[in-house]
Peer 1: 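Here it is: the structure, laid out below.
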Amino acid sequence: MRVKKGRIVDNFHYFCIVINICGDFMIVFKSKNLIIISVLIATIFTIIFCIGSIVVQPTGEAYANKIRVVLDAGHGGIDGGVSGVNTGVKESELNLKVVKKIEKYLISAGMSVSLTRNSNAGLYGIATKNLKRRDMEKRRDIIKSFKPNVVISVHMNKYSLSTRRGAQVFYKKSDENAKLLASSIQNNFNQMEEASRDCSILSGDYYILNCTEYTSVIAECGFLSNPEDEALLITDEYQDKIAYCIFKGIVGYLAQSSFDYNK
């Protein structure tokens, strides 16, 4: 705040206050009566104090610091998921590579990130009966503990027809926020130069989408049953492109959605 002292012009007292808030502006008070001036000064500083006491929502980096994202690399451990039709690459390994690339983008944007797994190990503990259920329940517990704004579960797809290809996003049918998030990510997938067709988002009844109340989607990054998709998905360059599309999709969703950043 900058304040200029009063000066005399044409035998009248002018009291000028210049406040530098979103650009300079000047408030001028004119009076022959110093008592009136004193009252006005007191009023002005009262208003300024009240304005300064108002809590406004943070912007830019402050917003980003309040955004929490859980990244779930599907499968892991003895559950390798689907395998590449030519190379035999495990889905679980590709899922983790993509997740770690997404994590870097999110952290660089100032967001808080939690991974359900950060190694190729599973989350089931001892490999005994019901390990899949224990694995999924552990993922649920991690999500609930972190209280995220967004949950992204990364997978690779498989289909009986080897011609089927492309990245596709699934969401919980009853969740409009999840649908918005899925659409944002899918739009970025469809804009990739490697995209062979425009895929549509699909609603799905999957545990990872239903196990918590948090906005969640599954990003199927391509078909390992398709030779062309597999050849792309095993490369570091294409994994990074997929990760960046998901990152942009998250940012696009956050720009459109309305939720309380202060929770």
Peer 1: Walk me through it: do Asn187 and Gln191 pass the test side chain to side chain donor-acceptor pair (under 3.5 Å)?
Peer 2: CA-CA 6 Å; Asn187 289 339; Gln191 291 170 16; 5.9 Å; no
Peer 1: Output yes when a side-chain donor or acceptor of Asn149 lies under 3.5 Å from a complementary backbone atom of Val69, and no otherwise.
Peer 2: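 The answer is no, because no donor-acceptor pair under 3.5 Å joins these two groups.
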Peer 1: Taking it one step at a time, do Val82 and Tyr159 satisfy side chain to side chain contact (heavy atoms under 4.5 Å, CB included)?
Peer 2: CA-CA 10 Å; Val82 303; Tyr159 196 66; over 6 Å; no
Peer 1: Is a side-chain N or O of Arg117 found less than 3.5 angstrom from the main chain of Ala73, in a donor-acceptor match?
Peer 2: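 Yes.
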Peer 1: Tell me, with the steps shown, if Asp175 and Tyr214 meet side chain to side chain donor-acceptor pair (under 3.5 Å).
Peer 2: CA-CA 9 Å; Asp175 189 335; Tyr214 301 106; over 6 Å; no
Peer 1: Have a look at His75 and tell me which of Glu91, Lys90, Glu93, Met156 forms a side chain to side chain contact (heavy atoms under 4.5 Å, CB included) with it.
Peer 2: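 Among Glu91, Lys90, Glu93, Met156, the one meeting side chain to side chain contact (heavy atoms under 4.5 Å, CB included) with His75 is Glu91.
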Peer 1: Is the backbone of Leu202 close enough, under 3.5 Å, to the side chain of Gln168 for a donor and an acceptor to pair up by distance?
Peer 2: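 Checking the backbone N and O of Leu202 against the side chain of Gln168, no donor-acceptor pair under 3.5 Å is found.
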Peer 1: Verify side chain to side chain contact (heavy atoms under 4.5 Å, CB included) between Thr215 and Tyr171, making sure each step is shown before the conclusion.
Peer 2: CA-CA 9 Å; Thr215 300; Tyr171 69 98; over 6 Å; no
Peer 1: Which pair of non-hydrogen atoms, one from Phe247 and one from Leu106, has the smallest distance, and what is that distance?
Peer 2: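 Scanning both residues completely, I find the closest heavy atoms to be CD1-CD2, 3.6 Å.
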Peer 1: After noting the C-alpha distance and the side-chain angles of Ile242 and Glu194, does the key distance pass the side chain to side chain contact (heavy atoms under 4.5 Å, CB included) rule?
Peer 2: CA-CA 10 Å; Ile242 285 286; Glu194 296 87 352; over 6 Å; no
Peer 1: Only one of Lys241, Lys97, Lys101 passes side chain to side chain donor-acceptor pair (under 3.5 Å) with Asp236; say which it is.
Peer 2: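 Among Lys241, Lys97, Lys101, the one that satisfies the side chain to side chain donor-acceptor pair (under 3.5 Å) with Asp236 is Lys101.
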Peer 1: Just wondering, are more than 12 heavy atoms of other shown residues or ligands nearer than 6.0 Å to NZ in Lys173?
Peer 2: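 Counting neighbours around NZ of Lys173, 12 or fewer heavy atoms of other residues, nucleotides or ligands fall under 6.0 Å, so no.
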Peer 1: Can you establish whether the number of heavy atoms outside Lys138 located under 6.0 Å from its atom NZ is more than 12?
Peer 2: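 12 or below, so no.
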Peer 1: Give a yes or no on whether the backbone of Lys129 and the side-chain of Arg134 come within a donor-acceptor separation of less than 3.5 Å.
Peer 2: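 Checked: pair present.
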Peer 1: Got a salt bridge between Arg139 and Asp135, using NZ or NE/NH1/NH2 to carboxylate O under 4.0 Å?
Peer 2: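 Salt bridge: yes.
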Peer 1: Indicate yes or no for a side-chain donor-acceptor contact from Arg165 to the backbone of Ala195 under 3.5 Å, with no hydrogens or angles considered.
Peer 2: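 Not a single qualifying donor-acceptor pair exists.
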Peer 1: Look at atom OH of Tyr244 and say whether more than 12 heavy atoms of other residues, nucleotides or ligands are closer to it than 6.0 Å.
Peer 2: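 12 or below, so no.
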Peer 1: Without swapping roles, check the side chain of Ser183 against the backbone of Lys179 for a donor-acceptor pair under 3.5 Å.
Peer 2: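 Side chain of Ser183 to backbone of Lys179: a pair is present.
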